[in-house]
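In what follows, a structure is listed as structure tokens, so that the remarks can point back to it.
These numbers come from a predicted model, not from an experiment.
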Amino acid sequence: MYRAAAGTYALPAVTEWDEFFELDFEAIYKSMEKPVFTFDGTNIFPHANLQTIGFDVHAIGKAIV
């Protein structure tokens, strides 16, 4: 997962696999190109935490405050 995200601009979530619950989002963010986007189709990511790190969060079907 970490190698797949390295050098990209977006981190999508389209499944609720257990692996998504234990990711080091700060490490992922540092390895990605900027600006960094996340598209969460399952609403499993910690959106507020991701915004604090620097991700531009887009949650499908859920308003981001």
Side-chain angles (χ1 to χ4, degrees):
M1 177 104 38
Y2 295 93
R3 287 188 317 205
T8 66
Y9 290 95
L11 181 65
V14 293
T15 185
E16 295 181 15
W17 291 351
D18 291 339
E19 291 86 5
F20 286 108
F21 292 100
E22 299 179 11
L23 295 174
D24 181 348
F25 290 107
E26 289 188 36
I28 291 171
Y29 179 84
K30 289 177 184 176
S31 75
M32 296 176 75
E33 295 293 325
K34 310 306 183 272
V36 177
F37 300 91
T38 184
F39 300 95
D40 189 355
T42 57
N43 292 305
I44 63 168
F45 285 158
H47 299 144
N49 184 36
L50 292 175
Q51 288 176 316
T52 299
I53 293 169
F55 284 87
D56 185 351
V57 177
H58 298 273
I60 316 291
K62 181 179 178 182
I64 299 296
V65 182

Group every Ile, Leu, Val, Met, Phe, Trp and Tyr by side-chain heavy-atom contacts under 4.5 Å, then state whether Phe21 and Ile28 land in the same group. yes
Check for me whether the distance between the ring centres of Tyr29 and Phe55 falls short of 6.0 Å. yes
What are the two closest non-hydrogen atoms of Ile44 and Asp40, and how far apart are they? N-OD2, 3.0 Å
Parallel, tilted or perpendicular: which one describes the rings of His58 and Phe39, with boundaries at 30° and 60°? parallel
Looking only at heavy atoms, what is the nearest atom pair of Val36 and Lys34, with distance? CG2-CD, 3.5 Å
Is a side-chain N or O of Tyr2 found less than 3.5 angstrom from the main chain of Asp24, in a donor-acceptor match? yes
Ignoring hydrogens, what is the shortest heavy-atom contact between Ala59 and His47? Give both atom names and the distance. CB-CE1, 3.6 Å
So if you build clusters from Ile, Leu, Val, Met, Phe, Trp, Tyr with side-chain heavy-atom gaps below 4.5 Å, do Phe25 and Trp17 land together? yes
Working to the nearest 0.5 angstrom, can you tell me the gap between Arg3 CZ and Thr8 OG1? 14.0 Å
With a 4.5 Å limit on heavy-atom distance, are the side chains of Phe45 and Leu11 in contact? yes
Report yes or no: do Met1 and Leu50 belong to one cluster of Ile/Leu/Val/Met/Phe/Trp/Tyr joined by side chain heavy-atom distances under 4.5 Å? yes
Specify the closest pair of heavy atoms between Ala5 and Ser31, including all atoms of both residues, with the distance to one decimal. C-OG, 4.4 Å
Nearest heavy-atom pair of Phe20 and Pro12: which atoms, and what distance? CE2-O, 4.3 Å
